[in-house]
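All values reported here derive from a predicted model rather than from experimental measurement. Residue numbers begin at 1 in each chain, while the letters A, B, ... track the order of the sequences. We use all heavy atoms of the structure for the numbers below, so side chains are in, but hydrogens, waters and symmetry mates are not.
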Amino acid sequence: MRELREPPIVLETRGLQAWYGESHVLHGVDIQVRQGECVTLLGRNGAGRTTTLKAILGLTDRRAGRVTVNGTDVIRLPPHKIARLGLGYCPEERGIYKTLTTQENLTLLPVIAPGGWPLADVLAMFPNLAERADSYGGSLSGGEQQMLAMGRILTTGARILLLDEITEGLAPVIVEALGRAISLLKSRGFTIVLVEQNFHFARHLADRHYVVEHGRIAAEIAADEVDAREDQVNRLLGV
Amino acid sequence: MTMTLQAFMAQLTIGLIGGCFYAMLSMGLAIIFGLLNIINFTHGAQFMMAAFLAWIGLTQLGPWLGFPSFAINFWVALVIVPLVVAAVGMVIERALLRRLYQLDHLYGLLLTFGVALVMEGGFRYAFGVSGQGYEPPELLQGPFDVGFMLLPKYRIFVVVASLLICFGTWYLFERTKLGAYLRAGTENPKLLQAFGINVPVMITLTYGFGVALAGIAGVLAAPIMQITPLMGGNLLNIVFAVVVIGGLGSILGSMITGLSLGLIEGLTKVFYPEASTVVVFVIMALVLLVRPAGLFGREV
């Protein structure tokens with residue numbers, strides 16, 4: 001009976017393979033994410049974590065297998081149609097548009113579903129952005145760019161957030177702020193897939209961890225197993 | 001070197017009008033290059049096609065249809081012709097250019113160059129190479145006294161209209177939501193599509209818009225230039241120099257560069273007429289030496 005009480009699966013990949021040009025990067029990734037869950041993809045550089053997010057969104061050169069978003073099979077859909085099923089994407093390089101102001105970046109994304117945050121809520125979460133409203137994206141600091149990249153997808157009504165390495169290269173105080181933001185988003189019911197290098201950041205936020213290795217899922221670890229399996233995690237992450 | 005103020009101002013006005021056409025055409029090229037990464041060599045042929053369509057509408061269409069008194073006047077042509085030229089452009093983008101985006105820039109350049117040759121050849125076959133004339137609309141015929149000199153009303157209209165179009169395009173691009181999408185698409189189209197924007201359609205419409213600018217310029221040019229199949233190709237040589245000087249990808253840059261080079265050409269005609277046809281290219285060479293990305297270009 002436990003099955004019935006669990007929230008529905010909103011994002012699933014089965015045997016997901018992906019290529020960049022001739023190079024075969026994903027060799028069959030299987031993940032399942034339930035509504036309201038926060039799940040991480042851990043692993044070494046080059047293991048295929050970023051590519052998994054890109055393959056879900058249709059941004060790799062080629063992909064095969066199954067990807068389901070909110071029940072719709074999207075493997076044959078173009079990226080803009082996949083996004084409109086409820087995905088919000090924060091890329092590793094942050095993807096801030098340098099020739100657009102902070103304000104323009106924040107209001108650029110199309111609304112894909114009802115329930116997007118009003119701008120005021122985003123600015124309440126990341127007050128720094130309000131001060132930089134008229135600055136061009138290219139002139140923002142790394143931390144400000146990261147807040148902008150996360151903030152702008154909250155306005156769209158996307159309920160599944162794909163966040164790629166949001167803490168990379170940022171000062172501890174900003175990492176802390178981002179951690180609080182993730183907790184808040186989780187409490188507001190967002191489903192979050194977090195690609196992280198920083199296991200210490202992720203371990204207290206996530207319900208479940210997938211460890212990606214050589215383009216496959218090497219291990220799946222629930223939050224309450226982390227302490228018991230810490231050695232395995234450290235070995236897989238090469239810490 | 002005696003020269004009356006009147007003659008001086010006349011040359012300057014001619015230069016300004018040339019600059020207006022450079023500005024409109026190079027803006028279209030910059031917009032297209034920004035989003036499509038293709039240098040649109042068809043631009044001149046599309047400009048020529050617009051001038052021809054305006055002329056056909058005014059003088060040929062009625063007799064062809066069997067109603068000699070029927071004609072599409074200048075004002076109607078100014079609206080319809082750019083739309084027709086843009087529609088043809090969008091078909092070219094969908095059917096041909098789209099297949100080349102994954103490849104090197106060079107292929108887009110070769111294809112658009114080939115399409116331009118086909119279009120020019122087609123018009124030459126149909127209408128010959130001798131120039132056709134186009135009467136300015138009645139409202140704009142005759143001179144207008146601007147205080148210190150008389151100017152043809154139509155030329156004043158061309159300057160005002162092109163400045164409005166340039167300013168409008170700049171405003172659209174830099175100050176509106178639609179412009180923000182275009183700038184974002186120019187920077188990173190793939191990511192924009194991952195946010196839910198239908199980028200392929202946006203690219204088609206942008207190409208259509210850039211081509212429509214060439215279309216408007218073509219209709220505006222019909223009453224003051226000889227309408228020949230080669231009119232666009234000749235003009236485009238200079239426009240490419242303008243684009244190199246201004247730097248591709250900057251809307252404001254192409255507008256300012258286009259207008260100033262027109263004026264510089266006009267001034268050269270006054271002070272050293274022998275150099276007037278090469279001055280733009282000399283400036284181009286100098287700019288390339290000092291700032292290879294162009295005066296307003298972004299270093300890549």
Under-4.0 Å salt bridge between [X] and [Y]:
X	Y	answer
A:Arg14	A:Glu12	yes
A:Asp207	A:Lys186	yes
A:Glu104	B:Lys177	no
B:Glu93	B:Arg98	yes

Part of [X] lying under 4.5 Å from any heavy atom of chain B:
X	answer
A:Pro91	side chain
A:Ile82	neither
A:Lys81	neither
A:Leu53	neither

- [ ] Select all residues of residues 141-168 of chain A having any heavy atom within less than 4.5 Å of some heavy atom of chain B, and report them by number, or 'none'.
- [x] A:Arg152, A:Ile153

Open item on the list: Under a 3.5 Å cutoff, is there a donor and acceptor pairing between the side chains of B:Tyr181 and B:Arg183?
Closed with: no

Open item on the list: If we count only N and O atoms by modelled type, under 3.5 Å, do the side chains of B:Asn198 and B:Gln193 hold a donor and an acceptor together?
Closed with: no

Open item on the list: Looking only at the aromatic ring of each residue, does the gap between the centers of B:Trp170 and B:Phe167 stay below 6.0 angstrom?
Closed with: yes

Task: Partner chain B: residue of A:Gly137, A:Gly95, A:Gly88, A:Pro79 with the largest heavy-atom pair count (under 4.5 Å) - done: A:Pro79

TODO: Take the angle between the ring planes of A:Trp19 and A:His24 and call it parallel below 30°, perpendicular above 60°, tilted in between.
DONE: parallel

